[in-house]
Amino acid sequence: MRAAAFGTIPSAGGSRGLAEKGALLPPSGARPGYSARPMTIRTRFAPSPTGFLHIGGARTALYNWAWTRRHGGVFLLRIEDTDRARSTAASEAAVVDGLRWLGMDWDERLSRQSERGDLHRAAIETLLARDRAYRCVCTPDEIGARKQQFVATGAKWTYDGRCAEANHGPACGPHTVRLRVSKTGRLDWQDLVFGPSGQDAREIGDMVIRRSDGSPLYHLAVVVDDVDMRITHVIRGADHLNNTPFQLALYRALDAPIPQFAHLPLIVGADGRKLSKRRDHVSVQHFREAGYLPEALCTWLVRIGWSHGDQEIFSLAEIRALFSLEATHRSPGHADPQKLDWINQTWIKRLPAERLAAELQPFLAAATDADAAAAAGSDPGLLGLIDLLRERSKTLAEMSERARFFALPDAALAYDPKAVQKHWKPALRTPLAALRDALVALTAWEPAAIEAAFEATLAQHEGLGRGPLAQAVRVAVTGSAASPGIYETLAVLGRERTLVRLERALAAWPAAS
RNA sequence: GCUCCCAUCGUCUAGCGGUCUAGGACGUGGCCCUCUCAAGGCCAAAACACGGGUUCGAUUCCCGUUGGGAGCACCA
């Protein structure tokens, strides 16, 4: 039954409802019988190394990765480095690092399109030999002129086929090679996300597959590579929707099995248009440097265009266990930075303090200096501080800012002038000294005991409010008017450092005027 | 212009003919909590683009309109 379905439909796949099931079957171009036993799913992510990993690309990679892992397939990474100008080892590394940082892995060895030139050239020769492609001596200028005339008719321009029957040989001078694309029939496929898709073959035209300098074009290279790598499912951005018919024609001309296609809706910017490098933050690297966790970025990206009931937060493990193309949307989605903030904080609240401490390290160093960050890193109070800070930090950068007071040496702590002016009232000096004495007398250095010392001090001083005392201490110990609960803060800072800071504040206390 | 695609609160979405006086989340506003900042709790405002069908019955199916997006290379 399966075999029959694949034998009759050029690009089978069944309805959307059956898509996931069909996904386990071999590519639709396979002959009947060949499909009798399920074959391994093979997918790939094929970024061009532009110097950074784009969030759109990261999401495509994530969908590929998650779906493939879920189905026990093989996920490959292929660098599309045909554009020599932009392709450097550094920009390739940026893409690879980005993927690793997000938590993705891939199988077999990383491959590069540039390594496959021979394959592309051979494929073109074969097409030529079989007369499925032909040499074309039309120059860009000539075509441009003809195209301009054509535009008046209002139809979509396709190559007019002037050289199609000319039979130009290898020695015809500068020439391109064009694929013969049928002028009748349809180039259709069953998209795993978009459902029945395709268009009339005649609207495609005989497209160039080899430049006059002998280099192959993108479409030829991708198809040949995908065939060679035995890719069974092509999962990519919806910007390739329009490219698929021509690529279908290439698969046919190559007598190659046709993979299944799944196109993902694009991520758009705040104005609903394609993400722009100028307006929007598009690189994964940017978010990493701004203090977002990989878990947060993955959750954010996976939820644009896909959902699983009302669940908002997904670990990588959940993503790979739950992701399905069937539940993937068809409409483009906005990437909302505020939602990312919330997601990031949610992860900050969930992750173990040890993990956050490690992630925080570079941010702390940036907010203070290497020495201070190292000192904080080995301070036993750090994990406790992180537990206090996770409720008030949307990013690691923010957390590091709030942790500055802790990392800084006692003598280097600076006081916020406005906070001093507001909270260091001359009359508070005596109670503060009393509080210091109460703290010194403490046997246990923990929030409850510290609170008791505060209460005792308050009881000694008629009319003194809890707020003013807490604020005075807060400024003395953190330099700022905002911090986690004062008892917890002192507990985490430690007895010695607290007392040193109190002493230092007392010494700097303003006198009554 | 042509081709292809899309359409539920501002945003991400649930909904796969009756369960919808349309649910959740972010954001926004209010209240509570409170030593500051947060976090948290409660409440509120906020959407099925429009018009035709199909049907006993449409947010859900079909067709138009409108709006939006993507693609129309000897780029990838």
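Residue numbers begin at 1 in each chain, while the letters A, B, ... track the order of the sequences. Because the structure is predicted, anything quoted here is derived from the model rather than measured.
- The P atoms of B/A39 and B/G30 are separated by 15 Å, rounded to the nearest whole Å.
- Spacing between B/U28 and B/G68 at atom C1', rounded to whole Å, works out to 25 Å.
- In this entry the distance linking CD1 of A/Ile486 with C1' of B/C37 reads 12 Å, nearest Å.
- On a pure distance criterion of 3.5 Å, no polar donor-acceptor pair joins the side chain of A/Arg330 and the base of B/C5.
- For the pair A/Arg404 and A/Phe406, the NZ or CZ position fails the cation-pi test of under 6.0 Å to the six-membered ring centre and within 45 degrees of the ring normal.
- Look at the C1' atom in both B/A49 and B/C9: the space between them is 13 Å, to the nearest Å.
- A/Ile348 places its CD1 atom 12 Å from the P atom of B/A39, with the value rounded to the nearest Å.
- Among the atoms of the strands shown, none is found under 4.0 Å from any heavy atom of A/Ser480.
- A/Glu451 meets the salt bridge (charged side-chain N to carboxylate O under 4.0 Å, His left out) test with no other residue; sequence neighbours excluded.
- Judged by the 6.0 Å and 45° rule, A/Arg178 forms a cation-pi pair with A/Tyr159.
- Separation of the P atoms belonging to B/C37 and B/C31 is 14 Å when rounded to the nearest angstrom.
- If you take atom P in B/C32 and the same atom in B/U36, they sit 14 Å apart, rounded to whole Å.
- Relative to the side chain of A/His219, the nucleotides B/A38, B/A76, B/G71 differ in distance, and B/A76 lies closest.
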Quick test: give all pairs of protein nitrogen or oxygen and nucleotides 8-15 of chain B nitrogen or oxygen below 3.5 Å, distance rounded to 0.1 Å.
residue : atom : partner  : partner atom : Å
B/U11   : O3'  : A/His334 : ND1          : 3.2
B/C12   : OP1  : A/His334 : N            : 3.0
B/C12   : OP1  : A/His334 : ND1          : 2.9
B/C12   : O2'  : A/Arg303 : O            : 2.9
B/C12   : O2'  : A/Arg303 : NH1          : 3.4
B/U13   : OP1  : A/Gly305 : N            : 2.3
B/U13   : O3'  : A/Ser307 : OG           : 2.9
B/U13   : O3'  : A/His329 : NE2          : 3.4
B/A14   : OP1  : A/Ser307 : OG           : 2.8
B/A14   : OP1  : A/His329 : NE2          : 3.2
B/A14   : OP2  : A/His329 : NE2          : 2.8

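- The residue among A/Leu241 and A/Arg210 whose nearest nucleotide of RNA chain B is located toward the 5' end is A/Leu241.
- Here, B/A70 and B/G18 have their P atoms 35 Å apart, quoted to the whole Å.
- The phosphate of B/A76 (OP1 or OP2) has a side-chain N or O of A/Arg211 nearer than 4.0 angstrom.
- Nucleotides B/C33 and B/A38, compared at atom C1', are 12 Å apart to the nearest Å.
- Within the 4.0 Å cut-off from OP1 or OP2 of B/A38, not a single side-chain nitrogen or oxygen of A/Lys394 is found.
- Checked for salt-bridge contact, A/Arg112 and A/Glu92 meet the test: a charged N lies under 4.0 Å from a carboxylate O.
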Side-chain polar contacts of residues 193-204 of chain A - donor-acceptor pairs under 3.5 angstrom, sequence neighbours left out - could you list them?
residue  : atom : partner  : partner atom : Å
A/Ser197 : OG   : A/Gly195 : O            : 2.9
A/Asp200 : OD1  : A/Arg186 : NH1          : 3.1

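- A/Ser483 contributes no side-chain N or O that forms a donor-acceptor pair with the base of B/C37 under 3.5 Å.
- At a threshold of 4.0 Å, the pair A/Asp387-A/Arg390 counts as salt-bridged, since one of the basic side-chain nitrogens sits closer than that to a carboxylate oxygen.
- Contact annotation: A/Lys349 side-chain N/O to B/A38 OP1/OP2 distance is not under 4.0 Å.
- Taking the nucleotide of RNA chain B with the nearest heavy atom to each of A/Ala482 and A/Met207, the more 5' of the two is matched to A/Ala482.
- Nucleotides B/U11 and B/A47, compared at atom P, are 12 Å apart to the nearest Å.
- The listed nucleotides are B/C75, B/C35, B/C6; the one nearest the side chain of A/Phe194 is B/C6.
- Residue A/Glu142 qualifies as enclosed at atom CD: its count of foreign heavy atoms under 6.0 Å is above 12.
- Checked options A/Trp300, A/Phe323, A/Trp306, A/Trp347; the residue passing with A/Phe314 is A/Trp306 (criterion: ring pair (Phe, Tyr, Trp, His ring centres under 6.0 Å)).
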